[in-house]
Asker: 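Okay, handing you the structure first.
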Number of protein chains: 2
Amino acid sequence: MTTPSDDDAIVLEQPCPIRDVLDRIGDQWSLLILEALAPGTLRFNALRREIGDISRQMLSRTLKQLEQDGFITRTLYAEVPPRVEYALTPLGRSFLEPMQQLVDWAEAHHRTIVAARARYRAEREPA
Amino acid sequence: MTTPSDDDAIVLEQPCPIRDVLDRIGDQWSLLILEALAPGTLRFNALRREIGDISRQMLSRTLKQLEQDGFITRTLYAEVPPRVEYALTPLGRSFLEPMQQLVDWAEAHHRTIVAARARYRAEREPA
DNA sequence: CCGCATCCCGATTGATACTG
DNA sequence: CAGTATCAATCGGGATGCGG
């Protein structure tokens, strides 16, 4: 078995709390998902449409991670066809507050960063 | 040329500001470096010792990224042996403020996250 | 409708050795 | 001291098709 199933997700003890958090929301999709759920509960495909260009696999994997860490809940309704709803937990919701600070900072300083990059390139491309 | 040099670092325009920031500090080392520099200027190897288990290559690459984005400055002193000092810029320092909120949140909720993981596993491993 | 298994490729990272 | 070059191994993540 060289390719373990998603169910075997490794859950290492991270001695550093912030690493836990960055590992979870530093990836490409987690933050997008959390923000998509901020207004309210969404189903799998609704979430997919909301985010736009995420594959089913990555959405599935990322949701599982977020559920595992207690940021969201997954509710399966035993209907035909199946319905699955995702929603923020209080933990997930509380996380969005400090995260918003960072988002605000990013928006406020985005131009500075872009300018720094341009300057960096300019210094290295003399002619 | 299948392995581009580090100097050819790709600088794509990210339409979403927060992505820029997460891409830069969501990696394994950037935040550690920024926090190591918070108390003051450090030289390359001092930084390496401070962080502990980072390879020279990753430290070099990450520092370059951080410099490129304007979070730190790199000052080369034309001496023998060479001396290079890294320090936070005002941008880098201002970034640490909202980031600290997130670090605090992570520390405050770490136990909750760990508990959520344990609970998740317990639910899936009946016996 | 929701999600998992498989295949596959490019990106990331470490080790090691070499340079200014 | 402060890196860079090269090689090799690993890993994330997309596409697709099957299954519940």
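Reckoned from all heavy atoms, side chains included, excluding hydrogens, waters and symmetry mates. Quick caveat, the model's predicted, so the values are computed rather than measured. So you know, we letter chains A, B, ... as the sequences are listed, proteins then strands, and number each from 1.
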Asker: Between atom CG of Asp69(B) and atom OG1 of Thr112(A), what is the distance when rounded to the nearest 0.5 Å?
Answerer: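 Between atom CG of Asp69(B) and atom OG1 of Thr112(A) there are 11.0 Å.
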Asker: Between dA2(D) atom P and Leu76(B) atom CG, what is the distance in whole Å?
Answerer: 10 Å
Asker: Could you list the donor-acceptor pairs under 3.5 angstrom formed between side-chain atoms of residues 95-104 of chain B and any protein atom two or more places apart in sequence or on another chain?
Answerer:
unit_1, atom_1, unit_2, atom_2, d
Gln100(B), NE2, Asp104(B), OD1, 2.9

Asker: Which of residues 42-55 of chain A have a heavy atom under 4.0 Å from DNA chain D?
Answerer: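 Listed by number, they are Ser55(A).
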Asker: For Arg43(A), which residues count as a salt bridge (charged side-chain N to carboxylate O under 4.0 Å, His left out) partner, sequence neighbours excluded?
Answerer: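 For Arg43(A), no residue satisfies salt bridge (charged side-chain N to carboxylate O under 4.0 Å, His left out) once neighbours in sequence are set aside.
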Asker: Under 4.0 Å from any atom of DNA chain C, heavy atoms only: list the residues of residues 77-87 of chain B that qualify, in numerical order.
Answerer: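 Within this stretch, Pro82(B) sit under 4.0 Å of the strand.
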Asker: May I ask whether Ile25(B) and Tyr120(A) are part of the same hydrophobic cluster, defined by side-chain heavy atoms of I, L, V, M, F, W, Y residues being less than 4.5 angstrom apart, directly or through others?
Answerer: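 No: no chain of side-chain contacts under 4.5 Å links Ile25(B) to Tyr120(A).
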Asker: How close or far is atom C1' of dG3(C) from atom CZ of Arg61(A), stated in whole angstroms?
Answerer: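 Roughly 12 Å, once rounded to whole Å.
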Asker: Report the residues that fulfil side-chain contact (heavy atoms from CB on, under 4.5 Å) with Ala87(A), sequence neighbours left out, ordered by chain and then residue number.
Answerer: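 Counting only residues at least two positions away or on another chain, Ala87(A) forms a side-chain contact (heavy atoms from CB on, under 4.5 Å) with Thr41(A), Thr73(A).
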Asker: Tell me if the side-chain of Arg56(A) makes a donor-acceptor pair with the base of dG17(D), cut-off 3.5 Å, by modelled atom types.
Answerer: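 Looking at the base of dG17(D), it does pair with a donor or acceptor on the side chain of Arg56(A) (distance under 3.5 Å).
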Asker: Is Gln57(B) side chain donor-acceptor paired with the dT12(C) base, going by distance under 3.5 Å alone?
Answerer: no
Asker: Do His109(B) and Asp20(A) pass the side chain to side chain contact (heavy atoms under 4.5 Å, CB included) test, and can you show the C-alpha distance, the side-chain angles, and the key distance before you say yes or no?
Answerer: CA-CA 10 Å; His109(B) 296 84; Asp20(A) 265 349; over 6 Å; no
Asker: Within this structure, what is the CG-to-C1' distance between Leu59(A) and dG14(D), rounded to whole angstrom?
Answerer: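 That distance rounds to 14 Å.
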Asker: Got a sec, which residues hit side-chain contact (heavy atoms from CB on, under 4.5 Å) with Ala106(B), two or more places apart in sequence or on another chain?
Answerer: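 Partners of Ala106(B) under the side-chain contact (heavy atoms from CB on, under 4.5 Å) test: Pro17(A), Ile18(A), Val21(A).
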Asker: Rounded to whole Å, please give me the gap between CD1 in Ile72(B) and C1' in dA2(D).
Answerer: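 Atom CD1 in Ile72(B) sits about 14 Å away from atom C1' in dA2(D).
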Asker: When you check the phosphate oxygens OP1 and OP2 of dC4(C), does a side-chain N or O of Lys64(A) lie under 4.0 Å from one of them?
Answerer: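 Answer yes for this pair, as a side-chain N or O of Lys64(A) is under 4.0 Å from OP1 or OP2.
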Asker: With each end axis built from five pairs of C1' atoms, what bend angle do you get for the helix from dC1(C)-dG20(D) to dG20(C)-dC1(D)? Round to 10°.
Answerer: 50°
Asker: So, is Arg74(B) near the phosphate of dA2(D), with a side-chain N or O under 4.0 Å from OP1 or OP2?
Answerer: no
Asker: Can you tell me how far C1' of dG3(C) sits from CD of Glu67(A), to the nearest Å?
Answerer: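 Taking CD of Glu67(A) and C1' of dG3(C), I get 13 Å after rounding.
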Asker: Taking side-chain hydrogen bond (donor to acceptor under 3.5 Å, both in side chains) as the test, write out the residues that go with Asn45(A), two or more places apart.
Answerer: none
Asker: Who are the side-chain hydrogen bond (donor to acceptor under 3.5 Å, both in side chains) partners of Arg56(A), not counting sequence neighbours?
Answerer: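 For Arg56(A) there are no side-chain hydrogen bond (donor to acceptor under 3.5 Å, both in side chains) partners, ignoring immediate neighbours.
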Asker: Got a sec? Which of residues 27-39 of chain A come in under 4.0 Å of DNA chain D, heavy atoms?
Answerer: Gln28(A), Trp29(A)
Asker: Can you tell me how far C1' of dA2(D) sits from CG of Leu63(B), to the nearest Å?
Answerer: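 The distance from CG of Leu63(B) to C1' of dA2(D) comes to 11 Å, rounded to the nearest Å.
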Asker: Roughly how many Å is it from CG in Asp23(A) to P in dG13(D), rounded to a whole number?
Answerer: 12 Å
Asker: To the nearest Å, give me how far apart CE (Met58(B)) and C1' (dT4(D)) are.
Answerer: 14 Å
Asker: Tell me the salt bridge (Lys or Arg N to Asp or Glu O under 4.0 Å) pairs involving residues 72-85 of chain A, sequence neighbours left out?
Answerer: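 Checked against salt bridge (Lys or Arg N to Asp or Glu O under 4.0 Å) - neighbours excluded - the pairs reaching residues 72-85 of chain A are Glu79(A)-Arg83(A), Arg83(A)-Glu85(A).
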Asker: Determine: side-chain N/O of Ser60(A) to OP1/OP2 of dC4(C), distance under 4.0 Å, yes or no.
Answerer: yes
Asker: Flag the pair Leu47(B) / Ile54(B) as yes when at least one side-chain heavy-atom distance between them is below 4.5 Å, and no otherwise.
Answerer: no
Asker: Would you please test Leu91(B) and Ile113(A) for side chain to side chain contact (heavy atoms under 4.5 Å, CB included) and show each step?
Answerer: CA-CA 9 Å; Leu91(B) 182 73; Ile113(A) 293 175; 4.0 Å; yes
Asker: State which residues pass side-chain contact (heavy atoms from CB on, under 4.5 Å) with Thr62(B); sequence neighbours excluded, sorted by chain then number.
Answerer: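 So Thr62(B) forms a side-chain contact (heavy atoms from CB on, under 4.5 Å) with Asp27(B), Trp29(B), Ser30(B), Ile33(B), Met58(B), Leu66(B).
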Asker: May I ask you to test the Tyr86(A)-Leu63(A) pair for a side-chain heavy-atom distance under 4.5 Å?
Answerer: yes
